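Data first, discussion second: the structure below is written as structure tokens.
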Amino acid sequence: MRLGLRPLARLRRDLAAVRTGQRTHLPVDQPAEVAGLVREINALLDQNAANLTHARAHVANLAHGLKTPLATLGMAVADRHADPDGALARLVTDMDRRVRHHLRRARVAAVTGPSRTRVPLAPTVADLVTVLARLHADKAVAIETMIFSEITVACDGQDLDEMLGNLVENACQWCRRTVRISAAAEGGHVRITIADDGPGLIEDEAAAVLARGRRLDESLPGHGFGLPIAQELAELYGGRLALGRADLGGLAVQLTLPT
């Protein structure tokens, strides 16, 4: 019985490799008893890949169709006489942000398929730190990183940039001087912590800032979408976002993503 069931154990390992992105298809060299099953699974994978391609094409068409009307609206309300208080311009900006966000959601919704990729975390953070250090040069923000080079996360590189960019930019905006980025691998996930030495948040405020479009300090620039977008992207990848108190005294944001 052990000998007869051994092909199923190999098939389980191969399926796990497909799920984690190490393979795109199951090996076709199989015993006759499971060869038919493998062919059907591979056909299903091909069908899912074709559906994903069609979905991405529709998303691209939608993006192209909405881009020009929004740009036209933006130019129309740029005139102060047409929009004296800037309310219409803010609405156009909000619409553009929402369209881009939902287009990204449509693309990310397929990440559970065989197209999942692994992205090295350290280079992504290093590039982000370089950019944000320049943007906040007047504040002399010190951004510390503690990330091992072998750590990877299973998500699209652009989405990783979007999540980390929102979180680290938020930390740089609110910190007094120091931002600390660290990462630790735990089982099948990586926990990324972005901490700052700013004022931090109390429990009620932490829940409020995760509401879409909500900002506690309306005097600062921004639309209030950064944290909710990062949270939603993390959840689409099977991760999560949590807020807490940092050892530095300010806010600690923990972003958990699969490896």
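Along the sequence shown, residues are numbered consecutively beginning with 1. Computed from a predicted model, the values in this text were never measured in an experiment.
- A side-chain donor from one of E169 and H136 sits under 3.5 Å from a side-chain acceptor of the other.
- Rounding to the nearest 0.5 Å places SG of C155 at 4.5 Å from CG of L160.
- L251 and M146 are not part of a single hydrophobic cluster, where members link through side-chain heavy atoms under 4.5 Å apart.
- The minimum heavy-atom distance between T259 and R118, with the atom names listed, is O-NE, 3.6 Å.
- Annotation: side chain of L255 is in contact with side chain of L257 (closest heavy-atom distance under 4.5 Å).
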Go through the steps for L241 and L167 under the test side-chain contact (heavy atoms from CB on, under 4.5 Å), then give the verdict. CA-CA 10 Å; L241 189 72; L167 299 178; 3.9 Å; yes
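- No option in I181, I147, T152 other than I147 meets the side chain to side chain contact (heavy atoms under 4.5 Å, CB included) test with L121.
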Does the pair S182 and I192 meet the rule for a side-chain contact (heavy atoms from CB on, under 4.5 Å), with working shown? CA-CA 6 Å; S182 60; I192 306 167; over 6 Å; no
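- Annotation: side chain of V129 is not in contact with side chain of V168 (no heavy-atom distance under 4.5 Å).
- In plain terms, the two heavy atoms of C175 and D197 that are nearest each other are CB-OD1, 3.4 Å.
- For the atom pair CD (Q254) and CG (L243), the distance works out to 9.5 Å, reported to the nearest 0.5 Å.
- Side-chain contact between V18 and L45: present, with at least one pair of heavy atoms (C-beta onward) separated by less than 4.5 Å.
- R10 CZ: more than 12 foreign heavy atoms inside a 6.0 Å radius.
- Between I143 and C172, the shortest heavy-atom contact is CD1-SG, 3.8 Å.
- Separating the CZ atom in R6 from the CG atom in L11 is a distance of 15.0 Å, to the nearest 0.5 Å.
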Check against side-chain contact (heavy atoms from CB on, under 4.5 Å), D196 and L248: CA-CA 6 Å; D196 64 71; L248 294 173; 5.6 Å; no
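- The two residues A122 and S149 come nearest to each other via the heavy atoms CB-CA, 4.3 Å.
- Residues T124 and D161 meet the side-chain proximity criterion, which asks for heavy atoms closer than 4.5 Å.
- Of the possible polar contacts, none joining the K139 side chain to the R176 backbone as a donor-acceptor pair under 3.5 Å is found.
- A 4.5 Å side-chain heavy-atom check between I41 and V38 finds every atom pair outside the cut-off.
- Remark: the H25 side chain and the D14 side chain contain no N/O donor-acceptor pair separated by less than 3.5 Å.
- Once rounded to the nearest 0.5 Å, the distance linking CG of L8 with CD of Q30 reads 9.5 Å.
- Taking the side chain as every heavy atom from C-beta outward, R177 and V141 never approach each other to under 4.5 Å.
- Atom CG in N51 sits 9.5 Å away from atom CG in L44 (nearest 0.5 Å).
- Closest heavy-atom contact between V190 and A183: CG1-CB, 4.2 Å.
- Residues Y237 and D159 have side chains that bring a donor and an acceptor to within less than 3.5 angstrom of each other.
- One N or O on the side chain of R245 and one on the backbone of G249 form a donor-acceptor pair closer than 3.5 Å.
- Distance check, rounded to the nearest 0.5 Å: CG of L233 to CD of E162 gives 6.5 Å.
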